[in-house]
Protein chains: 4
Amino acid sequence: MSAGLLVSCAGMETPSRIVPNSQGNCLGSTNALHGNQLPPMIAPTPLHTPSDSTSAEESEGPMMSPTMGFSMTPCIPSTAEYAGPYGFQLCFQQSSTAKSATWTYSSELRKLYCQIFKTCPIQLKLVLSPPVGCLIRAMPVYKKAEHVTEVVKRCPNHELGRDFNEGQVAPPSHLVRIEGSSVARYMRDGESGRQSVLVLYEPPQVGSEHTTVLLSFMCNSSCVGGMNRRPILLIISLETHEGQVLGRRCFEARVCACPGRDRRADEEGARRGRGREGAFRKTCRAGPLSMQVSRRRRLAPPP
Amino acid sequence: MSAGLLVSCAGMETPSRIVPNSQGNCLGSTNALHGNQLPPMIAPTPLHTPSDSTSAEESEGPMMSPTMGFSMTPCIPSTAEYAGPYGFQLCFQQSSTAKSATWTYSSELRKLYCQIFKTCPIQLKLVLSPPVGCLIRAMPVYKKAEHVTEVVKRCPNHELGRDFNEGQVAPPSHLVRIEGSSVARYMRDGESGRQSVLVLYEPPQVGSEHTTVLLSFMCNSSCVGGMNRRPILLIISLETHEGQVLGRRCFEARVCACPGRDRRADEEGARRGRGREGAFRKTCRAGPLSMQVSRRRRLAPPP
Amino acid sequence: MSAGLLVSCAGMETPSRIVPNSQGNCLGSTNALHGNQLPPMIAPTPLHTPSDSTSAEESEGPMMSPTMGFSMTPCIPSTAEYAGPYGFQLCFQQSSTAKSATWTYSSELRKLYCQIFKTCPIQLKLVLSPPVGCLIRAMPVYKKAEHVTEVVKRCPNHELGRDFNEGQVAPPSHLVRIEGSSVARYMRDGESGRQSVLVLYEPPQVGSEHTTVLLSFMCNSSCVGGMNRRPILLIISLETHEGQVLGRRCFEARVCACPGRDRRADEEGARRGRGREGAFRKTCRAGPLSMQVSRRRRLAPPP
Amino acid sequence: MSAGLLVSCAGMETPSRIVPNSQGNCLGSTNALHGNQLPPMIAPTPLHTPSDSTSAEESEGPMMSPTMGFSMTPCIPSTAEYAGPYGFQLCFQQSSTAKSATWTYSSELRKLYCQIFKTCPIQLKLVLSPPVGCLIRAMPVYKKAEHVTEVVKRCPNHELGRDFNEGQVAPPSHLVRIEGSSVARYMRDGESGRQSVLVLYEPPQVGSEHTTVLLSFMCNSSCVGGMNRRPILLIISLETHEGQVLGRRCFEARVCACPGRDRRADEEGARRGRGREGAFRKTCRAGPLSMQVSRRRRLAPPP
DNA sequence: GGACATGTTGACGTACATGTTA
DNA sequence: TAACATGTACGTCAACATGTCC
Ligand SMILES: [Zn+2]
Ligand SMILES: [Zn+2]
Ligand SMILES: [Zn+2]
Ligand SMILES: [Zn+2]
């Protein structure tokens, strides 16, 4: 039972290698309660299991966090998987296989592909009933170490436009929204400036196994002046009313125009060993021609 | 049976859910007089309010708050239910259940279905007698947040036709008219451009419990270039001669060719959980083929 | 080789056809002085003009007429070629044919291809010496009739960024800048809101035939929220200090990342008869997914 | 050789019966020069030929006009087929069979189905070369006798909208436009008020057999306040510069959202003998509910 | 300069919404 | 009141436009 693995799996960008090690559409399976025994591998061919790995630092796999309920760095939210005391799990419905489905989830890559503005249902499950008043939080973080300190926000174009902003509860700068029945609350952390959405955790409808939450993303991953093709992770956490984390799941998200196409390309690339880790420059030139100066300066002005 | 429920039911579009919580044909029952106790929150368990929170997070975004006598934004009229000092109530006669009735009211959905051009009687009741010279105002508003800032008017086709326009008191652009004895005055707010009708409040006829007002709608909810299938709310308010609001009731209205059919369809849909919230596009993707725009207006709103 | 050809070539979009009728890199050759003979009609055989017709028919619609020194509509700047009293001409240096050149000019298509932020030299020539204090003005206009009324500006992303904006004379919203020796003045027409740049006309250096002006474009033609792939024309005019137009030249401009590639593609396309007239939607059907609008603006333009 | 037959075929509404008597996609075949011998029947089962018919008035079939070059009534344009001295013919490309193709032509029904705003190519052919400067005219007429005197125009909604109107050469009230290379002229007959489009006739491109003209329709056949579901015919004529008719072809046109679907329905209906001749009321009530008063009064105000 | 990344266009299909006819 | 007529929503796909990487 090694902790912290997920940090590198869908996490903080270890020497980029795609590890197809999932077990269907679920992050965190049923029998795991607190300490998180390994989830049973349901996938036809589990590649290497965490126990194969030689070092906790480098091993990869869908796993627990060393930092249980609280993040290590104030500024960098934990992306560690954590089932927590109530056995928090997350999975996706069988997604459309169409090339231009509005969303699709690759369990092979642990990556969600979703069109901008469209809702994508995620399914939550708890093994034990949590106290009343628990909350679900969704927060995006940049995946790559180089960008992880930067807050993920909408691009100026989208933030300043009227569409989807006028008359909406969600502040225009938030990338992630939660739609659906329960009223969503949009938060901004005072210190870090990180933005997130909260909804009340509601137990599954009678007859249903999961609670469904409808996510939507308000920028493309490629949005210039915003995510700018840099991959992000989405952290979904179960929290108490006071903000204590009772569970955490995490997956990569790519918001794009053609989820099916791009997923297919990623998976092929991954199989051929050629990671396609977001087209954001590897080298360190000045920046793309149309955004000449180094992006950092422009996007994160000194506060 | 609390009068305030309507705030959440037919109110300003909290994340779309229909709450079938009405109590017959009446909006605002007798025991509520002034204050209108705050409506119970829709969510099963109330979210924590900002003041509860222990973290540095500040919640962002426009919070919904019930407004009493005055609207929060000058441009967006309040749709909050308000009994007011005289116990203002509104209800509908037992409506014809026939599929071909010219109007019908679903108390389950708090929604009026009415044919274009036909009159529909609404019944008003006051617990206490108001001062002489009070007025009744009817004003339509779009129900959905995305459209709520737009003034509800007739479509060009109907506005420019001769029928029902020639020789009429009502200006051709007004959607809602009041027919019957008392002379109606058609108003247009200088700032917002909102249109409404006013009639003198007259106490019930002797032997009658209610004052009846005859409404008529001059466009279908589906009229292209006008409401265009977007649901509206009708705000009925009791006002002093000077415009102070002494009471307010509000219900959804759908103007259509087959009130009976459509009500039935709505109610079935609601029961099956499949809201039928007006067929107006959700995704904002295209525009209807027959009503296109040059992208210009989209991309560069006039300064 | 008549100077007037450009009127139909790069002019205000007569029903789209590209007429490859240019004559090298120059717009307006020497023999044309004042009057600019009327451009020959594009159609092989001229249609009959209304005065010919024997029937009672009147032709309807805006007829295109060449305007001399003054624009017909205040809001739509004239794009008519006009040599004027001093024989105003414009041409381009022999442009690099390299695929990676920062700019290139296709005399076949009368179209400049230029990278964003890079300077592109244009050469001006006058047959007679103009009075002292004459000005050169550069103003962009959308080429297509559907967009011609819209002011050409930078996209929000570029306008709001810091790069190329901080500490610059040019206002961030201006698309076109003039670099180089003479101080440029950035103007905004009060009524129309049109933006343009002015520099003093300086006679050619001794030994040189032309006056060179360095243009630069601060957005790509493809910039979302700005030009958005809509082709533009650039109007270069010679004016008196008081604003009277003494000459006018006009060419299409495309600001893009790969001028060489795109020019080549255009020219091939043109030869094969398949105009490649800017990828902006023809049908006006939808809007791009990532730049949606609430229908409101479509249906009810602000009064 | 009976003349005038076509008047009833695609023409003036004889007791409505659909006669599937066409011969592929062409109206008027090659060997017909002036007097119009009967076109060879290519259709598998020609029903009755004109010679079957007992009276010229009632007989049906694709045929010549008694009024050769000039219309009988000033107000009702002739819809008679007329090959004329140059053997004027019209046909359609093989149209898409898709259910929602943007246009499709049923030679069985001699009827074009076309989406609003989309261009539809029609192919013209002349056996002999006409004099230089000949024109092609397209003019719509109502098909049914009851409406034939009414001028076919756009509906108020579309005429007054901005889309497709702003900055266009075509006047907003014209239903039919011609797109493409040659400049179109939009005419309005002084007496009748009839609207039509003219383009120069251009001989086929080298290697091509036909001249292609791109038509587009700016209203749906169903547009309320406009065609209002009343079927129309489109008259295509070849004319001299002075307006003398040198040839005429005519077909029914239906502008609708789903050409494929509707064609299929029509053809099935026709086979089952149940004409589907436009859903405009047969009976003579007041008008549809939403357009209460008789349309005539509203649409054609006394001039 | 080539390969690629990635949004847009526009054609199409199905299900449905909704007025009209009878 | 049922059947129909007919537009709309929206998912899907292939071709393409166009910036970026290297
Ligand atoms: Zn964005
Ligand atoms: Zn209307
Ligand atoms: Zn830009
Ligand atoms: Zn129309």
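Proteins get letters first, then strands, A, B, ... in listed order; numbering begins at 1 in each. Reckoned from all heavy atoms, side chains included, excluding hydrogens, waters and symmetry mates.
- Atom pair C/Arg230:CZ and E/dT8:C1' shows a separation of 14 Å (rounding to whole Å applied).
- Rounded to whole Å, the distance from CD on D/Gln115 to P on E/dG13 is 11 Å.
- Contact annotation: A/Arg229 reaches the phosphate of F/dC21 (side-chain N/O to OP1 or OP2, under 4.0 Å).
- Put simply, the side chain of C/Asp262 never gets that close to the backbone of C/Cys256: no donor and acceptor are under 3.5 Å apart.
- In this structure, the CG atom of C/Asp262 is 15 Å from the P atom of F/dC16, given to the nearest Å.
- The CG atom of D/Asn157 sits 14 Å away from the P atom of F/dG7 (whole-angstrom rounding).
- Judged by atom type and distance alone, C/Arg261 does not reach the base of E/dG2 through any side-chain donor-acceptor pair under 3.5 Å.
- The interatomic distance linking B/Tyr113 (OH) with E/dG19 (P) rounds to 13 Å, in whole Å.
- Here B/Ser222 reaches the OP1 or OP2 of E/dG19: one of its side-chain N or O atoms lies under 4.0 Å away.
- Rounded to an integer number of Å, the gap from CG of A/Asn220 to P of E/dG7 is 5 Å.
- Between the C1' atom of E/dT8 and the CD1 atom of A/Ile116 lies a distance of 13 Å, rounded to the nearest Å.
- Between the CG atom of A/Asp266 and the C1' atom of E/dT6 there is a distance of 12 Å, rounded to whole Å.
- Ion pair B/Glu267/B/Arg263 flagged as a salt bridge, since at least one NZ, NE, NH1 or NH2 atom sits closer than 4.0 Å to an Asp/Glu carboxylate oxygen.
- The side chain of D/Lys118 contributes an N or O atom lying less than 4.0 Å from OP1 or OP2 of E/dA11.
- Place B/Val255 and D/Trp103 on DNA chain E by their nearest nucleotides, and D/Trp103 ends up nearer the 5' end.
- Every residue was checked against the side-chain hydrogen bond (donor to acceptor under 3.5 Å, both in side chains) condition with B/Ser222, not counting sequence neighbours, and none meets it.
- Across the interface with DNA chain E, nearest-nucleotide mapping of D/Ala98 and A/Ser221 shows A/Ser221 to be the residue nearer the 5′ end.
- With sequence neighbours excluded, no residue forms a side-chain contact (heavy atoms from CB on, under 4.5 Å) with C/Ala257.
- Nearest to the side-chain atoms of C/Cys256 among the listed nucleotides E/dC12, F/dG19, E/dT8 stands F/dG19.
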Let's go through D/Tyr113 and D/Tyr105 carefully: what are the C-alpha distance in whole Å and the side-chain angles of both, what is the deciding distance for ring pair (Phe, Tyr, Trp, His ring centres under 6.0 Å) to 0.1 Å, and is it a yes or a no?
CA-CA 6 Å; D/Tyr113 300 78; D/Tyr105 178 75; 8.6 Å; no
